[in-house]
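Just below is one structure, and these are the notes that go with it.
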Amino acid sequence: MKVNRVRTLRARLVLWTMLVNALLLVFLCGLAWVVLRQLQSRQLDDILQLSAAQLASAVDVTGGQLSIPAGDTEILTARGVFVWLLDSTNRINATIGRSKGLSAPALDIGTIRDFQLGPGDNVRLFHARLAESGGSIIVGVSLQSLVQTDQIFVLALGIAVPLVLLLSAAGGLFLAGRALAPITAITAQARRIHHDNLSERLALGGPRDEVHDLAQTFDEMLDRLQSSFEAERRFTADASHELRTPLSLLKAQISLALSHPRDAETLIRMISAMNDDVDRMTRLVQNLLALARSEAPLDTRQPVELNGLLQDLIQQLQAIADQRHISLALEESPQAGAVITGDAEQLARLFMNLLDNAIKYIGDGSGNVQVRIAPSEGKRCAGWVTSIADSGAGIAPEYLPHLFDRFYRADPARARHTGGAGLGLSIAQAIAKQHEGYITVSSQPGHGSVFKVWLPARTGNAAPKK
Ligand code: ADP
């Protein structure tokens, strides 16, 4: 199908080349014809006027009768000129050449005009007055040379146009073949690429032209496809792995419980452990669903007031924070009306994940978590920035670039202890992106971390006020 399209393109290129060349040839020939015609016509006029002037000075007048000397007659005949010599009563006194036996055509003195003396017999005549004798002369030449020029042009076009069409077809085919060869190669290579050999690239060599750019863009698209395929593969493997562990534990506990008759107390202990594993799996599945939902486009948009949303979340977490002697507070914001347009439930999930982490990773002992909303400017995200700063252990710089990757735990041993699967931050980042924002993190090991959520202001009252 694609090959056919390339062939059609080649045929179109060839046809265009032929058409352009033929039109160009016809135009140039036409131009040459017009110029040559003008030159020839002017030359004929010159011959007529020159001959008339020559005759006017040579005509003899004897007894009222006009005559032309034999020498001049010869010269004019050799020039292809014919003449009627008329006296003052317009009676023919003498003729030269083919005008013998023909009556003189009616023509005003001083004018040049074309006449048809017979079928296909076109001539140009000039009527001049003879000042001394009172008579006049009509000088004429045949227009045969103009007809011959026309014939030569028609013949030349008849031969040249098919020849040019033939040559342009051959040249067009050759050039189109050369120009489209890389595209044919790209098509063939693109056909070979499937999900199982996504690492193959076109890697087109040659000069840096439009086709090279096309191939490079295609390769870059393959890079992106490959990395997203690999990410999906990794994600599926990680998700399976995360589910397999609690499932194997559950299976082992069930087998153990069924292996002997047990007393009620032992059974309750065993079932309670199984319940914990089921809870872990439920949390994981809920997180996977949340991630899938966060990576889809937003389906609801409503104005969300950030201050109110964060106050509610802080209230929900207050008991846990108090229990751990952590002060959790939203800094009094001088800016009123921090409103963004989005999904309140999703935004609550985003901030809950960050607040939950902040409390979770402060560890044992007291600490504080400060939440602050401020207007943000700049090209990337003009709206609101919410920072969540904790006084926890912080994150080592080498972990920071991967923090938002799915299933990534900066400190697996500690994180597993806290029950996280490494999905909280990727869900938060996905929700921020869903709202056309993003999250950044900075951390000082030993002093704490600051997560900043940049969300763009939207319609109406959402614009930040200074
Ligand atoms: P988890 O479910 O393991 O908490 P997250 O995606 O929420 O997964 O976080 C990824 C990792 O980032 C965590 O395992 C933790 O090591 C680190 N982390 C996240 N928030 C903080 C924080 N406020 N302080 C220190 N480390 C953090």
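Ligands are counted one by one from 1 in listed order, and the atoms in each one are counted from 1 as well. In what follows, every heavy atom counts, from backbone to side chain, and hydrogens, waters and symmetry copies are set aside.
- In this structure, a donor-acceptor pair under 3.5 Å is absent between the side chains of Q434 and R293.
- Ring geometry for F229 versus H195: interplanar angle under 30°, hence parallel rather than tilted (30 to 60°).
- Within ligand 1, the atoms closer than 4.0 Å to a non-hydrogen atom of Y408 are 10 (C), 11 (C), numbered from 1 in the order shown.
- Against a heavy-atom cut-off of under 4.0 Å, R409 is close to the following atoms of ligand 1: 14 (O).
- Counted within 6.0 Å of CD on E265, heavy atoms from surrounding residues, nucleotides or ligands total 12 or fewer; the atom is thus considered open.
- Under the 4.0 Å criterion applied to side-chain N and carboxylate O atoms, E242 and R409 are assigned as salt-bridge partners.
- Note on ligand 1: N353 sits outside its first shell, no heavy atom being nearer than 4.0 Å.
- Counting the atoms of ligand 1 from 1 in the order shown, those under 4.0 Å from a heavy atom of I395 are 25 (C), 26 (N), 27 (C).
- Counting atoms of ligand 1 from 1 in the listed order, those under 4.0 Å from a heavy atom of L403 are 12 (O).
- The contact set between ligand 1 and L423, taken as ligand atoms under 4.0 Å from a residue heavy atom, comprises 6 (O), 8 (O).
- Not a single heavy atom of G392 lies less than 4.0 angstrom from ligand 1.
- Taken to the nearest 0.5 Å, the CD atom of Q429 stands 10.5 Å off from the CG atom of D405.
- Taking any N or O of A410, backbone or side chain, at least one lies under 3.5 Å from an N or O belonging to ligand 1.
- The K360 neighbourhood of ligand 1 comprises atoms 4 (O), with distances under 4.0 Å to a heavy atom of that residue.
- Applying the salt bridge (charged side-chain N to carboxylate O under 4.0 Å, His left out) test to pairs two or more places apart or on separate chains, those with a residue in residues 24-51 are R37-D150, D45-R124.
- Under the 30°/60° scheme for interplanar angles, the aromatic rings of F451 and F404 are found to stand perpendicular.
- When the options Y361, Y399, F404, F407 are ranked by their closest heavy atom to atom 1 (P) of ligand 1, first place goes to Y361.
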Inset, instruction - Carefully, step by step, assess R208 and D213 under the rule salt bridge (charged side-chain N to carboxylate O under 4.0 Å, His left out). - result: CA-CA 7 Å; R208 259 209 78 99; D213 279 356; 2.5 Å; yes
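- With respect to the salt-bridge test (charged N to carboxylate O, under 4.0 angstrom), the residues D238 and R406 do not qualify.
- Assignment of F451 to the shell around ligand 1 is supported, since a heavy atom sits closer than 4.0 Å.
- The distance criterion of under 3.5 Å between nitrogen or oxygen atoms is not met by S426 with respect to ligand 1.
- Of all atoms in ligand 1, numbered sequentially from 1 with element shown, those under 4.0 Å from a heavy atom of G422 are 1 (P), 2 (O), 3 (O), 6 (O), 8 (O).
- Residues I439 and W454 form no side-chain contact, since every pair of their non-hydrogen atoms from C-beta on lies 4.5 Å or further apart.
- Each of the following atoms of ligand 1 lies closer than 4.0 Å to a heavy atom of S449: 24 (N).
- With a 4.0 Å cut-off on non-hydrogen atoms, A421 touches ligand 1 through its backbone and not its side chain.
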